[in-house]
Amino acid sequence: MNQKSTSIETVLGELNPPQREAACHGPSPLLIVAGAGTGKTTTLAHRVAWLIHEGTDPSRILLLTFTRRASAEMLRRVEAILRQLEGGRGGTAPGSTRVWGGTFHSIATRLLRRFGRMIELPSEFSILDRGDSEDLMASLRNELGLGETGRRFPKKGTCAAIYSRVVNTQTSLREVIEHAFPWCAEDLDGLGELFAAYVDRKEVQHCLDFDDLLVFWEALLDDPGAGPAVRKLFDCVLVDEYQDTNRLQSRLLKGLCPDGVGLTAVGDDAQSIYSFRAATIRNILDFPEEHPGTTVVPLEQNYRSTQPILEATNRVIAQASQRHTKTLWSDRTTGERPVLVNCTDEDEQSDFVVEEVLARREEGVALKDQAVLFRASHHSLALEVELAQRNVPFHKYGGLRFLETAHIKDLLAFLKLVDNPRDGVAATRMLLLLPGIGPVRAGRMVEALLEAGGQLSAWNDIKPPPPSTEIWPSLMTLLKRLAGDDRAEQNVSAELHQVRQFYTPLLESRYDHAAARLRDLEQLEQLATRYNDRSRFLAEITLDPPSSTQDFAGEPILDDDFLVLSTIHSAKGLEWDSVFVIHAADGNIPSDMATGDDEEIEEERRLLYVAMTRAKNRLFVCYPQRYYFRGRRRSDAHGFSQLSRFLTEDVLECCQRRTARPLESDEADDDSFTADVTAAEIRRRIKDLW
DNA sequence: GTCACAGAAATTTTT
DNA sequence: TTTCTGTGAC
């Protein structure tokens, strides 16, 4: 006993006073306002460990995080602390804490599978990812004839975005359209009709989309039977990244902890960057009113960055209009000031980044400890080409996911259909792969399937169109084998293998670069070897898709070193020794797509703030002065850009300024370079004569 | 009904 | 560069 309390003291001794106050706070509601790099993860991990140490049953703790990766990291640290407390006397093996950890969506899935029946939801449901929702919207739009009004109807992606916003903000369709999608005002009625059909169809098909997971979780909490049962599961609920939750999510917390007892939220209003997903900064600002008796603990000591970097980032965020004021400070007072890098164009920017990254590596900073951050996924394309040419390994996070590529979705459609034969989205996708089957025929076949209550045998008597007569029986055999009872001992990977054998010839006739795509399929198969439960595999891969190609490769090789390329959104919560923010020009940050109103612009400011605060020791902010308009006839057409409006004089005072062009180049080099440009220019001008 | 091709249009961030 | 829409052949 005595020895144990000594060691908890030692463990807590690693924390500064506010961190410690937060970690050891009692059961009343707690809001930790944690600035960038202030040891938020450490504090939260210590809090969980402290709760367990104080006697809370780990399986009665719910830890909600933004990604599953964040959840895994947090639990790993909790376990490490617990092991420390036990003095290595065993007991806390990795993965043994049994804390409920995951994203809102994955926890929703678990709860709904278990309690869904109490609100008349089938426990066997499939999850539609964003692309699936869009596909369903598209086919319903055609069925309803909404595209035939002469004017063009909003695209499927826009429809899905509007729908999701309505659900997540819990406001009326009219309001959402007026505020966020004014150009769709004329389609108000059509959209209403479409959304009604969408809701009905999901019900018939036993499918839930991402938003449904949250909506039905709330329904569970509101239900007189299920609500208390769910609430009874948890003594403590902790939420990370609270600034990026939406109204619906805050209501879920209220439903879980109506009186706020056992509730902890952690976040930083200055880092709220997900309003496009209906996240609202109001959640964190209003938390104390929503949960009376809240203790607010601010964390302001930054352990990540040097003071010179913080000075610049503090000035970026100081211009924000509404925020919970806090000034971050660090006792790492020495260090280089951030560098503003002036590049003539994008190629020079890429050059600069590659050179500088390699120079850092020479100094002993591994590639893995360096990152290049950008606003939009395509901003890194030129850099990717340059890195590939110079054999610099890199991983890219964010942007188009592996799972969203057509061939992967094709392969998974077979499995999804077998898993839930009512899943019309999967069925349609699969059927369209067959020659001679188009949207009309596929629609009829799906209808027949649904009428038969999802019995695949409904297709036994189908007469396929001539081009598919040969392949049809083998498809039916495949589906029956996958759906058969003897599959109990089958690994998901083995199932995928069977599908792949059937699918390969279809893929080869349908897509270019078949070899590369087939490799992807093999990797997916590899990934699936860890799963024996098909439903779980499908749910997990949908809710938490592998975020980079490399994630497929299983265990990372230890000496594998690579540069990180990431969208700013995907960089949330992470940190690197050296950070390069590229394309810091107006139009990119803030994005031209997001300068509609002041709130959007404020969010773009926070985005730049998030990017810059990822850096520990070195920070480079690059901007190309000139952009070429690619693709069109005149290859020399270009425009000049302005430095991002958020990098004001005030901020620049804290920075060094540099040009990307190497200064050491002697005059001869300079001359030859100029001559080169001139020759190219002359050639272009000659071409322009035609 | 399906498919292949052509031309036009749009183009962020993600559970 | 991808995605959508329209057209015409089978």
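By convention in this document, chain letters (A, B, ...) are assigned in the order of the sequence lines, proteins followed by strands, and residues within each chain are numbered from 1. Scope of the values below: all heavy atoms of this structure, side chains included, with no hydrogens, waters or symmetry mates.
Between W217(A) and F104(A), the ring planes are tilted. Angles from 30° to 60° get that label.
Within the nucleic acid shown, R444(A) comes within 4.0 Å of sugar-phosphate atoms alone, with no base atom in reach, counting heavy atoms only. Counting any heavy atom pair closer than 4.0 Å across all strands shown, I437(A) reaches sugar-phosphate atoms only and no base atom. Using a 4.0 Å heavy-atom criterion, one finds that K572(A) contacts no nucleic acid atom at all. Within the 4.0 angstrom heavy-atom criterion, no nucleotide atom of any strand lies near P467(A). Within 4.0 Å (heavy atoms only), R441(A) reaches sugar-phosphate atoms of the nucleic acid but no base atom.
The side chain of R375(A) lies closest to dT12(B), out of dT14(B), dT12(B), dG1(B). Listed candidates were dC4(C), dT12(B), dT15(B). Nearest to the side chain of S591(A) is dT12(B). Closest to the side chain of P439(A), from the set dC4(C), dT14(B), dT2(B), is dT2(B). Closest to the side chain of T103(A), from the set dG1(B), dT13(B), dT15(B), is dT15(B). Comparing atom distances between the R141(A) side chain and each of dT5(C), dT13(B), dT2(B) picks out dT5(C) as nearest. Comparing dT13(B), dT14(B), dA10(B) by their closest approach to the side chain of K155(A) singles out dA10(B). Of the candidates dC4(C), dT15(B), dT12(B), the closest approach to any side-chain atom of A376(A) belongs to dT12(B).
Atom CD of E143(A) has more than 12 neighbouring heavy atoms from other residues, nucleotides or ligands inside a 6.0 Å radius.
Between E404(A) atom CD and dT2(C) atom C1' the separation is 14 Å, expressed in whole Å. Between H105(A) atom NE2 and dT14(B) atom C1' there is a gap of 10 Å when expressed in whole angstrom units. Remark: P of dT14(B) and CG of D211(A) are 16 Å apart, rounded to the nearest angstrom. Distance, D135(A) CG to dC4(C) C1': 14 Å, rounded to whole Å. Protein atom NE2 of H379(A) is 17 Å distant from nucleotide atom P of dT1(C), rounded to whole Å. Atoms NZ (K156(A)) and P (dA9(B)) sit 19 Å apart, rounded to a whole Å. For the pair E241(A) CD and dT15(B) C1', the interatomic distance rounds to 13 Å; values are reported in whole Å. Nucleotide dT2(C) holds its C1' atom 15 Å from the NZ atom of K409(A), rounded to whole Å.
Geometric assessment of R113(A) against the ring of F125(A) yields a positive cation-pi assignment under the 6.0 Å and 45° thresholds.
Contact annotation: S570(A) reaches the phosphate of dT14(B) (side-chain N/O to OP1 or OP2, under 4.0 Å). Between T567(A) and dT12(B) there is no side-chain N or O to OP1 or OP2 distance below 4.0 Å.
Rounded to the nearest 0.5 angstrom, R130(A) CZ and E404(A) CD are separated by 10.0 Å.
Side chains of T67(A) and K572(A): a donor-acceptor N/O pair is absent below 3.5 angstrom, by distance only. In this model, no donor atom of one side chain and acceptor atom of the other lie less than 3.5 Å apart for E241(A) and Y274(A).
Nucleotides of DNA chain B nearest to F104(A) and L434(A) differ in position, and the one nearer the 5' end is that of L434(A).
Here F276(A) counts as stacked on dT13(B): its ring centre is under 5.5 angstrom from the base ring centre and the planes meet at under 30°.
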